[in-house]
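This report refers to the structure that appears directly beneath it.
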Protein chains: 2
Amino acid sequence: MVKTKNHDLQTQEKIFKAATEIFEEKGFAAARMQEIADRAGINKALLHYYFRSKELLFATVFQALLKKMFEKILSVFMMDISFEKKIKLYYEEHINILIKNPNLPLFLLNEISHNPDLVQGIRETLRYSEMRDVIYRQHSKELRKFGIKKGELPQLMVTIVSMAIFPFAARNIMKMMMEQLGETRNFNSFMQARKEFASDFVITALKNRKK
Amino acid sequence: MVKTKNHDLQTQEKIFKAATEIFEEKGFAAARMQEIADRAGINKALLHYYFRSKELLFATVFQALLKKMFEKILSVFMMDISFEKKIKLYYEEHINILIKNPNLPLFLLNEISHNPDLVQGIRETLRYSEMRDVIYRQHSKELRKFGIKKGELPQLMVTIVSMAIFPFAARNIMKMMMEQLGETRNFNSFMQARKEFASDFVITALKNRKK
DNA sequence: TTATAGTTTAACCAATTGGTCAAAGTTAGA
DNA sequence: TCTAACTTTGACCAATTGGTTAAACTATAA
């Protein structure tokens, strides 16, 4: 009979959590296995017992963080609601997620840029064909009225997501510039206000397009 | 009499160029001194003869790349022209620069995020007080008419620059998504088209704001 | 209780990495 | 030509890093 493993799940969880923090903060290249072991409160050899190599441990963490970034957002994009509602819901949900995980954007952008193989894992998380169907349906139902041509859809989509994601990637520079420019609010309240600003900005730009 | 150094300038240039390429591509942590030496076609010890350490070599490269990112853009921001003209000129110039240096955004964002001390060097490149004056002048002259409150200026500025910079930071993901969504154009022509799209988008959103 | 499989550790290892050094080569002024 | 400063190199070094191993420990089924 197969023996039940005792508390390896606890240990594995501890390692996974520590690795997530370190990798997300420092990136793959600057992360140290020893530091991950220390933060998990275990021996370095135990890392390799549960996750064979740094690459494997990283791949596990990366997949989870990729999911954290896209899962909820994708479900919003798939909803059958008006574009205006969708925009508002998107900024609300995505900015909430990113406030809780402010290092996520830069981490993902960076690792994907430095290791193209990771892109393969994305295909499973992002369901392209479904996404394309939803986008095209919304285009012919609503967006075409706004004078958006099919070929401009990528421009529009990149615009929308960049308004939510970019401030987090540029967080440190923004913090410094904001305090230099006499801004007293902190970054998080700036991002809270951005939910409404971005929604209004996008919707206004769309509704008043020259057709 | 002090002897004139012979061709150390050529060598120094070669090293600097190689270091710029490697650092920009891989970031500080993943860059290897040996690889820089190889690309420069010289001995590794010579790196340390001209630039004492990896940190110092990196700092030199970083300053130059920071300048490349901001110098021209800042001069556009400082111009005394209408907001509409300024927006158009900004996207034209900045996107041109970034097409020539597509790794610049992710490199700068990442290194600044990982090494807060680098932010100090930014203060020299970014003239805050001048910048603030120009922005406030343009606000009271033009932007206030659009219903933009002073407190919303940071929101507006971040929106404008994110539309130009973010696509480059997300270049790899975008490339993949675009080909999955049936986009046949390449990334550069997408960014060329973005000059006009972004200008129109921002200007339309501003001109039609509810006040 | 005991055999067995799973878990944890300390000590160790080979490879890599940033950096050094002494010696050889090169340049140009006296 | 000779010397003194600058340039370049190959060999080397200490520290770090990802990874291994054998032994000790723990839980549990029989």
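Naming convention: chains lettered A, B, ... in sequence-line order (proteins, then strands); numbering from 1 in each chain. Heavy-atom basis, side chains included; hydrogens, waters and symmetry copies ignored.
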TODO: Round to a whole Å and report the spacing from CG of B:Asp38 to C1' of C:dT17.
DONE: 13 Å

Open item on the list: What is the distance, to the nearest angstrom, from the CG atom on A:Leu47 to the C1' atom on C:dT7?
Closed with: 14 Å

- [ ] Return the nearest nucleotide to the side chain of B:Asn43; candidates are C:dG18, C:dA10, D:dG10.
- [x] D:dG10

TODO: List in chain and number order the residues that pass side chain to side chain contact (heavy atoms under 4.5 Å, CB included) with B:Glu196, two or more places apart in sequence or in another chain; answer none if no residue qualifies.
DONE: B:Asp200

- [ ] State which of C:dT8, C:dG19, D:dG18 makes the closest approach to the side chain of B:Ser53.
- [x] C:dG19

Task: Residue-level proximity of residues 16-37 of chain A to DNA chain C when a heavy atom falls under 4.0 Å - done: none

Task: B:Lys54 NZ - C:dT20 P separation (whole Å) - done: 15 Å

Open item on the list: For A:Lys85, give me all partners under salt bridge (Lys or Arg N to Asp or Glu O under 4.0 Å), at least two apart in sequence or on another chain.
Closed with: none

- [ ] Send over the distance from B:Ile15 CD1 to D:dT9 P, rounded to a whole Å.
- [x] 10 Å

Task: Rounded distance in Å - NE2 (A:His48) to P (C:dG6) - done: 21 Å

Task: Counterpart residues, ring pair (Phe, Tyr, Trp, His ring centres under 6.0 Å), relative to B:Phe168 (two or more places apart) - done: B:Phe187

TODO: Write out all pairs satisfying salt bridge (Lys or Arg N to Asp or Glu O under 4.0 Å) with one or both partners inside residues 49-64 of chain A, taking only residues at least two apart or from two chains.
DONE: none

Open item on the list: How bent is the helix from C:dT1-D:dA30 to C:dA30-D:dT1, measuring the angle between the end axes built from five pairs each, rounded to 10°?
Closed with: 10°

- [ ] Let me know, please, whether B:Leu46 or A:Glu55 comes out on the 5' side of the other along DNA chain D by nearest nucleotide.
- [x] B:Leu46

TODO: Indicate yes or no for a side-chain donor-acceptor contact from B:Gln155 to the backbone of B:Glu152 under 3.5 Å, with no hydrogens or angles considered.
DONE: no

Task: Residues forming a ring pair (Phe, Tyr, Trp, His ring centres under 6.0 Å) with A:Phe190, sequence neighbours excluded - done: none

- [ ] For D:dT7, take OP1 and OP2 only and decide whether either is under 4.0 Å from a side-chain N or O of B:Thr11.
- [x] no

Open item on the list: In whole Å, I'd like the distance from the CZ atom of B:Phe51 to the C1' atom of D:dT7.
Closed with: 15 Å

Task: N or O in side chain of A:Tyr50 less than 4.0 angstrom from C:dT8 OP1/OP2 - done: yes

TODO: Please identify each residue that fulfils ring pair (Phe, Tyr, Trp, His ring centres under 6.0 Å) with B:Phe23, with sequence neighbours left out.
DONE: B:Phe58

Task: Proximity to the side chain of A:Tyr49 - top-ranked nucleotide from C:dT8, D:dT8, C:dG19 - done: C:dT8

Open item on the list: Between the base of D:dG18 and the side chain of A:Lys44, is one N or O donor paired with an acceptor at under 3.5 angstrom?
Closed with: yes

Task: Counterpart residues, ring pair (Phe, Tyr, Trp, His ring centres under 6.0 Å), relative to A:Phe201 (two or more places apart) - done: A:Phe197

Task: B:Lys86 side chain vs B:Met79 backbone, donor-acceptor pair below 3.5 Å - done: yes

TODO: Check the distance between C:dG6's C1' and A:Gln10's CD and give it to me in whole angstrom.
DONE: 15 Å

